[in-house]
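Read the numbers this way: they start at 1 and go in the same order the structure lists the ligands and their atoms.
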Amino acid sequence: MPELIEPEKHCNTCPRLTTFRQENRELYPDYHNGAVNNIGPMDAEIMILGLAPGLQGANKSGKPFIGDQSGDLLYATLSKLGYTNGEFHNGNAFTLNRALVTNAVRCVPPQNKPTAAEINNCRPYLLSLIDNMPKLKVIFALGKVAHDTALRTFGLQVSAHKFMHGCEYNLREGLWLVSSYHCSRYNLNTKVLTEEMFLSALNQAQKLSTQ
Ligand code: URA
């Protein structure tokens with residue numbers, strides 16, 4: 001297996017994200033304020049691929065999706081499908097089974113919007129992670145940025161693999177991409193995504209991963 005390459009906590013590849021982190025360190029000295037790596041086992045069958053750490057969630061806790069509303073729905077849904085040991089209690093006292101959670105961009109971006117260059121700079125970390133997950137069968141992408149990132153990681157054309165809730169594409173032999181609307185507070189409040197829709201897409205991904 002190749003060596004797993006992870007960004008350093010104070011990675012400074014992206015100037016805009018480095019400046020934003022420095023500002024956040026002043027404002028929130030107790031927060032993690034660094035690149036956020038993965039949680040979950042490397043022998044997972046499914047990878048949950050988010051967008052980027054939320055300022056008041058992963059950027060605070062240091063763990064992807066822990067501490068904000070999108071994470072509450074994500075982990076509660078993973079729990080319903082048997083991917084957690086123990087109940088999900090606001091990020092504490094649970095571990096993941098057979099699922100690993102990560103983000104397309106590892107550092108918090110201003111307004112939750114990474115630039116194309118920032119997404120490109122982070123893609124080698126995703127590729128290295130995939131190369132180190134021998135049992136990976138499905139990447140479950142949350143939102144269009146994660147969807148496009150997964151496609152580009154495999155050299156596939158974005159225009160030929162349109163993002164839709166519940167879409168399913170083959171990335172390479174034995175590895176599937178299933179995508180969902182992002183479980184963000186905005187999408188939930190505007191009913192673009194409901195809890196039922198999210199459960200159904202994750203269930204679809206789970207079925208593919210156990211085939
Ligand atoms: N928290 C994350 O870690 N990623 C997201 O995409 C949203 C919130």
Side-chain angles (χ1 to χ4, degrees), residues 6-11 14 16-17 20-21 24 28 31-41 44 46-79 83-84 88-92 94-96 99-116 118-123 125-126 129-130 138-153 163 165 167 177-190 192-195 197-199 201-202 205:
E6 297 268 53
E8 286 177 20
K9 183 176 178 195
H10 301 304
C11 175
C14 305
R16 191 182 73 119
L17 301 188
F20 192 48
R21 180 190 310 138
N24 287 326
Y28 312 109
Y31 286 16
H32 169 76
N33 292 317
V36 174
N37 290 330
N38 328 303
I39 57 172
I46 183 164
M47 171 194 285
I48 315 297
L49 183 62
L51 167 62
L55 178 59
Q56 304 295 342
N59 181 62
K60 180 176 181 184
S61 65
K63 294 189 179 152
F65 285 92
I66 298 280
D68 54 27
Q69 209 173 324
S70 41
D72 290 347
L73 178 59
L74 173 63
Y75 289 112
T77 311
L78 284 168
S79 192
Y83 286 111
T84 59
F88 170 61
H89 289 302
N90 204 16
N92 297 319
F94 83 100
T95 52
L96 287 169
L100 176 142
V101 181
T102 190
N103 280 306
V105 172
R106 303 290 182 94
C107 295
V108 59
Q111 275 97 47
N112 285 328
K113 285 197 173 66
T115 63
E118 290 158 359
I119 297 167
N120 287 341
N121 288 342
C122 241
R123 199 171 312 119
Y125 301 117
L126 176 62
L129 187 57
I130 293 167
V138 176
I139 296 180
F140 185 66
L142 302 181
K144 183 166 162 43
V145 170
H147 172 87
D148 291 356
T149 296
L151 291 169
R152 291 198 172 105
T153 303
F163 170 76
H165 183 75
C167 63
L177 171 65
V178 176
S179 300
S180 163
Y181 289 132
H182 193 289
C183 51
S184 64
R185 187 174 47 179
Y186 179 81
N187 280 348
L188 291 167
N189 288 347
T190 54
V192 165
L193 181 72
T194 63
E195 290 183 16
M197 284 166 71
F198 193 59
L199 177 63
L202 193 51

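Between the side chains of Asn120 and Arg123, at least one donor N or O sits under 3.5 Å from an acceptor N or O.
The neighbour count for Arg16 CZ, taken as heavy atoms of other residues, nucleotides or ligands under 6.0 Å away, is above 12.
Of the possible polar contacts, none joining the Asn24 side chain to the Leu55 backbone as a donor-acceptor pair under 3.5 Å is found. Counting only distance, with no hydrogens or angles, the side chain of Asn59 and the backbone of Gly54 share no donor-acceptor pair below 3.5 Å.
Protein residues with a heavy atom closer than 4.0 Å to ligand 1 are Gly50, Leu51, Ala52, Pro53, Gly54, Ala58, Pro64, Phe65, Asp68, Ser70, Asn103, His182, listed by chain and number.
Between Phe163 and His147, the angle of the ring planes goes over 60°, which puts this pair in the perpendicular group of the 30/60° scheme.
Every residue meeting the side-chain contact (heavy atoms from CB on, under 4.5 Å) condition with Asn38, not counting sequence neighbours, appears here in chain and number order: Glu6, Leu100, Thr102, Arg106, Leu129.
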